[in-house]
Engineer: 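One structure coming up, written as structure tokens, with questions to follow.
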Amino acid sequence: MAQDDVLDDVLVVTGGGRGIGAATALLAAGRGYRVAVNYRSDRTSAEAVVDRIRAAGGTALAVRADVSHTAGVAELFDTVDRELGVLTALVNNAGTLEKQCRLDELDEDRLNRIWAANITGPFLCAAAAVRRMSTRYGGRGGAIVNVGSAASRLGSPNEYVDYAASKGALDSMTTGLSLEVAAEGIRVNAVRPGLIHTGIHALGGEPGRVDRVGPNLPMGRGGQPEEIAEAILYLLSPAASYITGAFLDAAGGR
Ligand code: NAP
């Protein structure tokens, strides 16, 4: 399988400029992947990740695209085809949340924004990846990892039930797509992080959330983005060659 040859692997990391995505891009590049670092708005961070990869002798490209729209996804994957070569790996990492509140305070616009970023985006990117990787379309296979969340199990009451539900949808997609393409050379798995030290918590209005909750977690701390990147890279790698449709909870026992 071509997947065995990491030196030949081309990876797209959506939302790769910051947090878990940035850690994943850096670790993957260190393991020989040519990496597309997708970003939506924070160009400076994405360029910094690319600079670090290139300085270490790797190959990377920052690609601006809002992955919740068809045009953005087409632009992203066409650029990768042109600049990096045949796609073999996708990490559906881009995601967002909004200010903590109760479900009865949510409005339609917010729900549509959350569904667009956390559900439509991964669906559109997975579709673009399958059209390139699947043996059904003449591809040579590949691997997809969806970055879900422990929230899909916990429901995030009084914080963001909308976010939790969007990650529930991503869990269903992981299962369904993994079965659709299992015989077409593509593995589809999910990593479900717990509380990780990234900037996403500021969007919820509580930048210090991990420090507040961390001591009460089974392992007594929040996680680091690099710890999630390790789980993602494992599922992408040939070491996970017989694993598809799996959920790897990287949540410190949460
Ligand atoms: P983060 O630091 O806020 O990074 C999120 C990234 O997603 C940013 O790079 C952002 O791009 C990108 N993004 C958001 N919407 C996008 C869109 N429509 N198109 C393209 N890029 C988009 O958050 P993070 O914590 O690393 O989160 C990464 C993933 O892990 C998310 O799916 C999140 O739900 C999941 N997760 C995080 C935690 C946690 O505790 N941190 C726990 C469980 C799951 P820009 O920088 O350009 O805006």
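Just follow the structure's listing: the first ligand is 1, and inside any ligand the first atom is 1. On a predicted model such as this, the values are computed, not experimentally measured, just so you know.
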Engineer: With respect to I196, determine whether any N or O atom, backbone or side chain, lies less than 3.5 Å from an N or O atom of ligand 1.
Structural biologist: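 Among all N and O atoms of I196, at least one is under 3.5 Å from an N or O of ligand 1.
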Engineer: What atoms of ligand 1 come closer than 4.0 angstrom to any heavy atom of G19?
Structural biologist: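 The atoms of ligand 1 under 4.0 Å from a heavy atom of G19 are 2 (O), 26 (O).
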Engineer: Tell me the protein heavy atom at minimum distance from atom 33 (C) of ligand 1, and give that distance in Å.
Structural biologist: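 Answer for atom 33 (C) of ligand 1: Y163 OH, 3.5 Å.
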Engineer: Tell me, which protein residue and heavy-atom name are nearest atom 9 (O) of ligand 1, and how many Å apart are they?
Structural biologist: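 Protein heavy atom at minimum distance: G15 O, 3.4 Å.
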Engineer: Looking only at distance, does I20 have an N or O less than 3.5 Å from an N or O of ligand 1?
Structural biologist: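 Yes; the residue has a nitrogen or oxygen that sits under 3.5 Å from a nitrogen or oxygen of the ligand.
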Engineer: Relative to the heavy atoms of L195, which atoms of ligand 1 are at a distance of less than 4.0 Å?
Structural biologist: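 Counting atoms of ligand 1 from 1, those under 4.0 Å from L195 are 40 (O).
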Engineer: Is the backbone N or O of T14 less than 3.5 Å from a side-chain atom of R40, with the two atoms forming a donor-acceptor pair by type?
Structural biologist: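 No, R40 side chain to T14 backbone: no donor-acceptor pair under 3.5 Å.
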Engineer: Return the residue, atom name and 0.1 Å-rounded distance of the protein heavy atom closest to atom 11 (O) of ligand 1.
Structural biologist: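 It is R40 N, 3.8 Å.
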Engineer: Has ligand 1 got any nitrogen or oxygen that is less than 3.5 angstrom from a nitrogen or oxygen of V67?
Structural biologist: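 Yes, at least one N or O pair falls under 3.5 Å.
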Engineer: Taking side chain as C-beta onward, heavy atoms only, is L27 less than 4.5 Å from R31?
Structural biologist: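 Yes, at least one pair of side-chain atoms sits under 4.5 Å.
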Engineer: If the cut-off is 4.0 Å to any non-hydrogen atom of D66, which atoms of ligand 1 fall inside it?
Structural biologist: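 This gives 17 (C), 18 (N), 19 (N) as the contact atoms.
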Engineer: Look only at interatomic distance and state if T96 has a nitrogen or oxygen under 3.5 Å from any nitrogen or oxygen of ligand 1.
Structural biologist: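 Between T96 and ligand 1, no N or O pair is found under 3.5 Å apart.
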Engineer: Might you point out which heavy atoms bring L11 and A28 nearest each other, and give the distance in Å?
Structural biologist: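 Heavy-atom minimum between the residues: CD2-CB, 3.4 Å.
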Engineer: For the backbone of V63 and the side chain of N38, can you confirm whether one donor and one acceptor N or O come within less than 3.5 Å of each other?
Structural biologist: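 Here the side-chain-to-backbone pair exists.
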Engineer: Got an N/O contact under 3.5 Å between Y39 and ligand 1?
Structural biologist: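 Among all N and O atoms of Y39, none is under 3.5 Å from an N or O of ligand 1.
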Engineer: Within the structure, does N93 bring an N/O atom to less than 3.5 angstrom of an N/O atom in ligand 1?
Structural biologist: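 Yes, N93 has an N/O under 3.5 Å of an N/O on ligand 1.
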Engineer: Give the intermediate values and the outcome of side chain to side chain contact (heavy atoms under 4.5 Å, CB included) for residues C125 and V67.
Structural biologist: CA-CA 7 Å; C125 289; V67 296; 3.7 Å; yes
Engineer: Just by distance, with hydrogens left out, do D9 and T88 show a side-chain donor and acceptor under 3.5 Å apart?
Structural biologist: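 Yes - a donor-acceptor pair under 3.5 Å links their side chains.
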Engineer: Between the side chain of N146 and the main-chain N/O of G148, is any donor-acceptor distance below 3.5 Å?
Structural biologist: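 No; zero donor-acceptor contacts below 3.5 Å.
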Engineer: Counting distance only, does the side-chain N/O of E227 pair as donor-acceptor with the main-chain N or O of Q224 below 3.5 Å?
Structural biologist: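 Present.
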Engineer: What protein heavy atom is closest to atom 48 (O) of ligand 1, reported as residue, atom name and distance in Å?
Structural biologist: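 Residue, atom and distance for the closest contact: S41 OG, 2.9 Å.
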Engineer: Among all protein heavy atoms, pick the one closest to atom 22 (C) of ligand 1 and tell me residue, atom and distance.
Structural biologist: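 Protein heavy atom at minimum distance: A94 CB, 3.5 Å.
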Engineer: Any idea which part of R192 is under 4.0 Å from ligand 1, heavy-atom wise: side chain, backbone, both or neither?
Structural biologist: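 Looking at R192 and ligand 1, no heavy atom falls under 4.0 Å.
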Engineer: What protein heavy atom sits nearest atom 27 (O) of ligand 1, and how far off is it?
Structural biologist: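 For this ligand atom, the closest protein heavy atom is I200 CD1, 4.0 Å.
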Engineer: Please identify which atoms of ligand 1 are closer than 4.0 Å to at least one heavy atom of D42.
Structural biologist: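 Taking each heavy atom of D42 in turn, ligand 1 has 45 (P), 46 (O), 47 (O) under 4.0 Å.
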Engineer: What protein heavy atom sits nearest atom 44 (C) of ligand 1, and how far away is it?
Structural biologist: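 Going by distance alone, atom 44 (C) of ligand 1 is nearest to G148 O, 3.1 Å.
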Engineer: Check whether N118 reaches the backbone of T96 with its side chain - one donor and one acceptor, N or O, closer than 3.5 Å.
Structural biologist: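 Yes; at least one donor-acceptor contact below 3.5 Å.
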Engineer: Look at ligand 1 and say whether K167 reaches it with a heavy atom at a distance under 4.0 Å.
Structural biologist: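 K167: in contact with ligand 1 (<4.0 Å).
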Engineer: Using a 3.5 Å distance criterion without hydrogens, assess whether the side chain of N93 forms a donor-acceptor pair with backbone atoms of G15.
Structural biologist: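 Confirmed, N93 side chain pairs with G15 backbone.
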Engineer: Can you figure out which of S149, G194, G204 has its heavy atom closest to atom 38 (C) of ligand 1?
Structural biologist: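 When every heavy atom of S149, G194, G204 is considered, G194 comes closest to atom 38 (C) of ligand 1.
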Engineer: Using a heavy-atom cut-off of under 4.0 Å, does the side chain or the backbone of I228 touch ligand 1, or both, or neither?
Structural biologist: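 Neither; no heavy atom under 4.0 Å.
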Engineer: L61 pairs by side chain to side chain contact (heavy atoms under 4.5 Å, CB included) with which of T79, V35, V50?
Structural biologist: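 Per the side chain to side chain contact (heavy atoms under 4.5 Å, CB included) rule, the option paired with L61 is T79, out of T79, V35, V50.
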Engineer: Considering G21, A251, A202, G95, which one's heavy-atom position lies nearest to atom 5 (C) of ligand 1?
Structural biologist: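 Minimum heavy-atom distance to atom 5 (C) of ligand 1 goes to G95.
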Engineer: Among H197, R254, R18, which one has a heavy atom closest to atom 8 (C) of ligand 1?
Structural biologist: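 Closest candidate by heavy-atom distance is R18.
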Engineer: Taking only non-hydrogen atoms of V147, do any sit less than 4.0 angstrom from ligand 1?
Structural biologist: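 The answer is yes, since V147 has a heavy atom less than 4.0 Å from ligand 1.
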Engineer: Is there a donor-acceptor contact under 3.5 Å from the side chain of R34 to the main chain of L87?
Structural biologist: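 A pair under 3.5 Å: no.
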Engineer: Write out the residue and atom name of the closest protein heavy atom to atom 25 (O) of ligand 1, then the distance separating them to 0.1 Å.
Structural biologist: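 Checked against all protein heavy atoms, atom 25 (O) of ligand 1 sits closest to T198 OG1, 2.5 Å.
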Engineer: Please check if L111 and L103 belong to a single hydrophobic cluster, counting links between Ile, Leu, Val, Met, Phe, Trp and Tyr side chain heavy atoms closer than 4.5 Å.
Structural biologist: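 Yes, same cluster.
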Engineer: Tell me the contacting part of H201 for ligand 1: side chain, backbone, both, or neither, using a 4.0 Å heavy-atom threshold, strictly below.
Structural biologist: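 The answer is the side chain of H201.
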Engineer: Which of the numbered atoms in ligand 1 are under 4.0 angstrom from any heavy atom belonging to N38?
Structural biologist: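 Reading through ligand 1 atom by atom, the close ones are 20 (C), 21 (N).
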Engineer: Begin with the C-alpha distance, continue with both residues' side-chain angles, and end with the deciding distance and a verdict on salt bridge (Lys or Arg N to Asp or Glu O under 4.0 Å) for D78 and R132.
Structural biologist: CA-CA 10 Å; D78 288 350; R132 286 162 174 79; 3.2 Å; yes
Engineer: Looking at P238, is its backbone amide N or carbonyl O close enough to the side chain of S241 to form a donor-acceptor pair, meaning the two atoms are under 3.5 Å apart?
Structural biologist: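 Such a contact is found between S241 side chain and P238 backbone.
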Engineer: Given 3.5 Å as the limit, does a donor-acceptor pair link the side chain of S152 with the main chain of S149, or not?
Structural biologist: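 Side chain of S152 to backbone of S149, a donor-acceptor pair under 3.5 Å: yes, one is there.
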Engineer: So which bit of A65 gets within less than 4.0 Å of ligand 1, heavy atoms only: side chain, backbone, both or neither?
Structural biologist: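 Under 4.0 Å from ligand 1, A65 contributes backbone atoms alone.
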